[in-house]
Peer 1: 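Please read through the structure below; I'll follow up with questions.
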Amino acid sequence: MDLRSFSQETLEGRNQLYSAEVERLGTTYGFDFTAVGLAALPGAPLKWIYSQGSTSNRFRRIMLAPGHGIGGIVLKAGKPMLFTDIDTEMDPREYSSYPIVFAEDLRSFCALPLCKGDRTVGVLLMAFRTAEESHSTAYRAAVRELEGCFCDLRITAQDFMDFEEVSKSTDAPLGADRPVGMTNSSISLTIAAQESERARISREIHDGISQELAIAAMKARLALARSTDPEQKAELTEACSGIDLAIDRLHDLSVELRPSTLDHFGLLPALRSLAMSFEKAYGARIEFGGDAVIPRFSPAMETQVYRICQEAMLNASKYADADTMEVTLTASDGWILAVVQDHGTGFNTDAPVIRGSGCGLHGMRERAELINAELTIESGPQGTRVALTAPMGAVQEGE
């Protein structure tokens with residue numbers, strides 16, 4: 001059966017079959033969370049479709065590119081993963097690379113590739129929110145009972161990956177401890193140089209690589225329109241989908257590096273565009289409030305306010321375990337107030353637990369200091385509120 005007809009049939013006719021099996025597995029083995037994710041086409045993102053034991057619908061908004069997150073890694077490698085205690089088996093700095101772990105507060109899991117023919121088209125995830133030795137027995141019992149099949153899909157349950165096989169992120173974000181002797185002036189010059197390099201790479205991605213891929217996609221679609229061979233048309237359709245996915249990923253990367261929206265349209269449109277990328281990557285819904293229009297102001301100030309809001313939104317998406325967050329921007333009398341509020345898991349602002357690179361809060365405070373802005377971070381059981389009050393500098397007339 002062709003993968004395109006498989007994905008369409010799944011959406012229209014297999015909901016009950018898959019969801020019933022997910023429920024049965026969770027009930028039989030006592031899993032806290034059980035889910036199935038599917039990818040419509042080779043190279044397409046994996047989406048968690050059916051679940052048992054979910055705490056919210058946040059997981060449904062997570063889209064995992066091959067090689068990213070538990071589902072994306074298993075989808076790309078075609079190998080299963082089994083971790084009975086992620087706190088001891090994984091590097092804590094890597095937790096943020098697994099959105100479903102944050103969304104559902106998982107502490108152990110077994111993820112199995114689901115195959116159709118010779119292709120990995122989905123992932124079965126079975127998980128607990130605690131770490132106990134008995135969990136390994138439950139996972140292996142479930143694997144034996146399934147006998148290599150999940151409904152009409154084949155399960156791969158050999159050659160389990162360990163953490164060393166999982167791709168690691170080595171990006172070092174801004175905000176590392178300040179070297180001895182660095183002044184505000186030298187830090188400002190460093191940040192300016194970083195932004196300039198980000199802009200250069202972003203332009204190269206947008207104007208170079210993305211345009212070349214767009215031309216390749218156009219040629220592939222022309223060949224598809226002219227082809228009369230069904231097998232060739234199927235291959236060209238998959239090729240077009242793969243190119244479109246690559247263009248989307250490059251767009252997201254370009255936005256994260258240096259959004260052209262910020263340069264061309266200003267702070268609020270740039271943050272809205274960023275929010276769309278974060279929602280897709282982490283599942284948390286981001287709502288906007290405040291002024292409908294923010295005037296353009298000093299580009300240097302805009303950049304720093306954007307980066308501080310970006311870090312606050314990213315931290316809330318990764319670590320807050322919140323289904324939604326609110327971003328509010330208001331401008332008045334030459335000042336801008338930006339607030340990022342979530343209603344998730346708070347933290348001790350005086351002695352935060354180090355997660356990820358551990359440099360985000362430090363970098364936010366450093367940026368705020370450079371532009372003579374006031375940054376307050378309040379956190380507790382009701383969530384976290386990051387508020388930035390910053391001078392706008394020169395407001396651009398007519399914007």
Peer 1: Give the minimum heavy-atom separation between Thr84 and Ser136, together with the two atoms involved.
Peer 2: CG2-CB, 3.7 Å
Peer 1: Tell me who clusters with Leu236, hydrophobic residues only, linked when side chains sit under 4.5 Å apart either directly or through other members.
Peer 2: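 Via sub-4.5 Å side-chain contacts, Leu236 links to Leu224.
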Peer 1: Please determine whether side-chain contact (heavy atoms from CB on, under 4.5 Å) holds for the pair Ile73 and Met161, giving the CA-CA distance in whole Å, both sets of side-chain angles, and the decisive distance to 0.1 Å.
Peer 2: CA-CA 10 Å; Ile73 291 170; Met161 290 185 285; 3.8 Å; yes
Peer 1: For Ala220 and Cys240, which heavy atoms make the closest approach, and how far apart are they?
Peer 2: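 Nearest pair, atom of Ala220 first, then Cys240: CB-SG, 3.7 Å.
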Peer 1: Any chain of hydrophobic side-chain contacts (each under 4.5 Å) joining Val36 to Leu17?
Peer 2: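 Yes; tracing contacts between hydrophobic side chains, which count when under 4.5 Å, links both residues.
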Peer 1: With a 3.5 Å distance limit and no angle check, can you tell me whether Glu311 reaches the backbone of Gly363 through a side-chain donor-acceptor pair?
Peer 2: no
Peer 1: What's the separation between atom CE in Met301 and atom CG in Leu370, rounded to the nearest 0.5 Å?
Peer 2: 10.0 Å
Peer 1: Check side chain to side chain donor-acceptor pair (under 3.5 Å) between Thr34 and all other residues, then give those that pass, not counting sequence neighbours.
Peer 2: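 Counting only residues at least two positions away or on another chain, Thr34 forms a side chain to side chain donor-acceptor pair (under 3.5 Å) with Gln52.
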Peer 1: Would you compute the distance between atom CD of Glu212 and atom CD1 of Ile243 and round it to the nearest 0.5 angstrom?
Peer 2: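 So the gap between those two atoms works out to 12.0 Å.
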Peer 1: Return the CD1 to OG1 distance between Ile294 and Thr330, rounded to the nearest 0.5 Å.
Peer 2: 6.5 Å
Peer 1: I need the minimum non-hydrogen distance between Cys110 and Leu82, along with the two atoms involved.
Peer 2: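 Shortest heavy-atom separation between Cys110 and Leu82 comes out as CB-CD1, 3.7 Å.
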Peer 1: Output, in order, the C-alpha distance, side-chain angles, deciding distance and verdict of side-chain contact (heavy atoms from CB on, under 4.5 Å) for Trp48 and Ile100.
Peer 2: CA-CA 9 Å; Trp48 298 109; Ile100 196 66; 4.0 Å; yes
Peer 1: Hey, could you give me the OH/NZ distance between Tyr282 and Lys280, rounded to the nearest 0.5 Å?
Peer 2: 12.0 Å
Peer 1: Between Arg385 and Val339, is there a donor-acceptor pair closer than 3.5 Å when you use the side chain of the first and the backbone of the second?
Peer 2: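 No, because the side chain of Arg385 does not come within donor-acceptor range (under 3.5 Å) of the backbone of Val339.
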Peer 1: Any idea which heavy atoms bring Ile70 and Ala111 closest together, and the distance?
Peer 2: CG2-CB, 3.7 Å
Peer 1: Nearest 0.5 angstrom please: Leu329 CG to Asp291 CG, how far?
Peer 2: 8.0 Å
Peer 1: Of Val121, Leu38, Leu46, which meets side chain to side chain contact (heavy atoms under 4.5 Å, CB included) against Leu75?
Peer 2: Leu46
Peer 1: Measuring only between side-chain heavy atoms, which start at C-beta, is Met81 closer than 4.5 Å to Phe109?
Peer 2: yes
Peer 1: Measure the shortest side-chain to side-chain distance between Leu25 and Leu124 over non-hydrogen atoms and say whether it is less than 4.5 angstrom.
Peer 2: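 Yes, close enough: below the 4.5 Å cut-off.
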Peer 1: In terms of hydrophobic clusters joined by side-chain contacts under 4.5 Å, are Leu337 and Met364 together?
Peer 2: no
Peer 1: Carefully, step by step, assess Thr156 and Leu112 under the rule side-chain contact (heavy atoms from CB on, under 4.5 Å).
Peer 2: CA-CA 6 Å; Thr156 298; Leu112 304 172; over 6 Å; no
Peer 1: As a quick check of understanding, evaluate salt bridge (charged side-chain N to carboxylate O under 4.0 Å, His left out) for Lys116 and Asp118, giving each step before the final call.
Peer 2: CA-CA 6 Å; Lys116 195 74 177 180; Asp118 59 350; over 6 Å; no
Peer 1: Would you say the side chain of Pro80 lies within less than 4.5 Å of the side chain of Pro113, judging by non-hydrogen atoms?
Peer 2: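 In short, these two side chains touch, coming nearer than 4.5 Å.
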Peer 1: Between Phe265 and Leu271, is there a shared hydrophobic cluster once you connect ILVMFWY residues whose side-chain heavy atoms come closer than 4.5 Å?
Peer 2: no
Peer 1: Looking at side-chain heavy atoms only, is the closest gap between Phe297 and Pro391 below 4.5 Å?
Peer 2: no
Peer 1: Would you confirm whether Thr303, through its side chain, and Pro299, through its main-chain N or O, come within 3.5 Å as a donor-acceptor pair?
Peer 2: yes
Peer 1: Would a 4.5 Å heavy-atom cut-off, applied to side chains only, mark Tyr18 and Leu114 as touching?
Peer 2: no
Peer 1: Check whether Phe288 forms a cation-pi arrangement with Arg272 (NZ or CZ under 6.0 Å from the six-membered ring centre, at most 45° off the ring normal).
Peer 2: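 Yes, a cation-pi geometry.
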Peer 1: Locate the shortest heavy-atom distance separating Leu262 from Glu302; write the atom from each residue and the value.
Peer 2: O-OE1, 4.0 Å
Peer 1: Does Ala223 offer a backbone N or O that forms a donor-acceptor pair with the side chain of Ser227 under 3.5 Å?
Peer 2: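 Not confirmed, Ser227 side chain does not pair with Ala223 backbone.
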Peer 1: In Å and rounded to the nearest 0.5 Å, what is the CE to CG distance from Met325 to Asn315?
Peer 2: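 It comes to 9.5 Å.
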Peer 1: Under 4.5 Å between side-chain heavy atoms, chaining through other members, with only Ile, Leu, Val, Met, Phe, Trp and Tyr counted: pull out the rest of the cluster around Met276, sorted by chain and number.
Peer 2: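 Joined to Met276, directly or through intermediates: none.
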Peer 1: Should the heavy atoms of other residues, nucleotides or ligands under 6.0 Å from CZ of Arg285 be counted, would the total exceed 12?
Peer 2: no
Peer 1: Would Tyr139 and Phe128 count as a ring-ring contact (aromatic ring centres under 6.0 Å, His included) here? Give the steps.
Peer 2: CA-CA 10 Å; Tyr139 294 138; Phe128 290 99; 5.6 Å; yes
Peer 1: Keeping to residues at least two apart or across chains, list the salt bridge (charged side-chain N to carboxylate O under 4.0 Å, His left out) pairs with something in residues 323-332.
Peer 2: Arg61-Asp323
Peer 1: Dump the intermediate steps for side chain to side chain donor-acceptor pair (under 3.5 Å) on Ser108 and His135, then the final yes or no.
Peer 2: CA-CA 8 Å; Ser108 73; His135 292 168; 3.2 Å; yes
Peer 1: Determine whether a donor-acceptor pair (N or O, by modelled atom type, separation under 3.5 Å) exists between the side chain of Glu279 and the backbone of Ile286.
Peer 2: yes
Peer 1: Show me, pair by pair, the donor-acceptor contacts under 3.5 angstrom made by side chains of residues 371-381, not counting sequence neighbours?
Peer 2:
residue	atom	partner	partner atom	Å
Ser379	OG	Phe347	N	2.8
Ser379	OG	Phe347	O	3.4
Ser379	OG	Thr384	OG1	2.7

Peer 1: Does CD belonging to Gln382 count more than 12 external heavy atoms closer than 6.0 Å?
Peer 2: no
Peer 1: Taking it one step at a time, do Gln310 and Arg307 satisfy side chain to side chain donor-acceptor pair (under 3.5 Å)?
Peer 2: CA-CA 5 Å; Gln310 178 186 34; Arg307 291 300 183 197; 2.9 Å; yes
Peer 1: Identify the two heavy atoms, one from Ala331 and one from Pro295, that lie closest to each other, and give their separation to 0.1 Å.
Peer 2: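 Residues Ala331 and Pro295, closest heavy atoms: CB-CD, 4.1 Å.
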Peer 1: Where do Thr345 and Asp105 land on the side-chain contact (heavy atoms from CB on, under 4.5 Å) test, with the steps shown first?
Peer 2: CA-CA 11 Å; Thr345 303; Asp105 191 26; over 6 Å; no
Peer 1: Are more than 12 heavy atoms, taken from residues, nucleotides or ligands other than Arg129, located less than 6.0 Å from that residue's CZ atom?
Peer 2: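 Yes - once you tally the heavy atoms of other residues, nucleotides and ligands closer than 6.0 Å, there are more than 12.
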Peer 1: Hey, does the side chain of Ser54 reach the backbone of Ser51 with a donor-acceptor pair shorter than 3.5 angstrom?
Peer 2: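 Checked: no pair found.
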Peer 1: Going by salt bridge (charged side-chain N to carboxylate O under 4.0 Å, His left out), name the pairs with one or both residues in residues 19-46, residues two or more places apart or in two chains.
Peer 2: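 Of all non-adjacent pairs touching residues 19-46, those that pass salt bridge (charged side-chain N to carboxylate O under 4.0 Å, His left out) are Glu21-Arg24, Arg24-Glu145.
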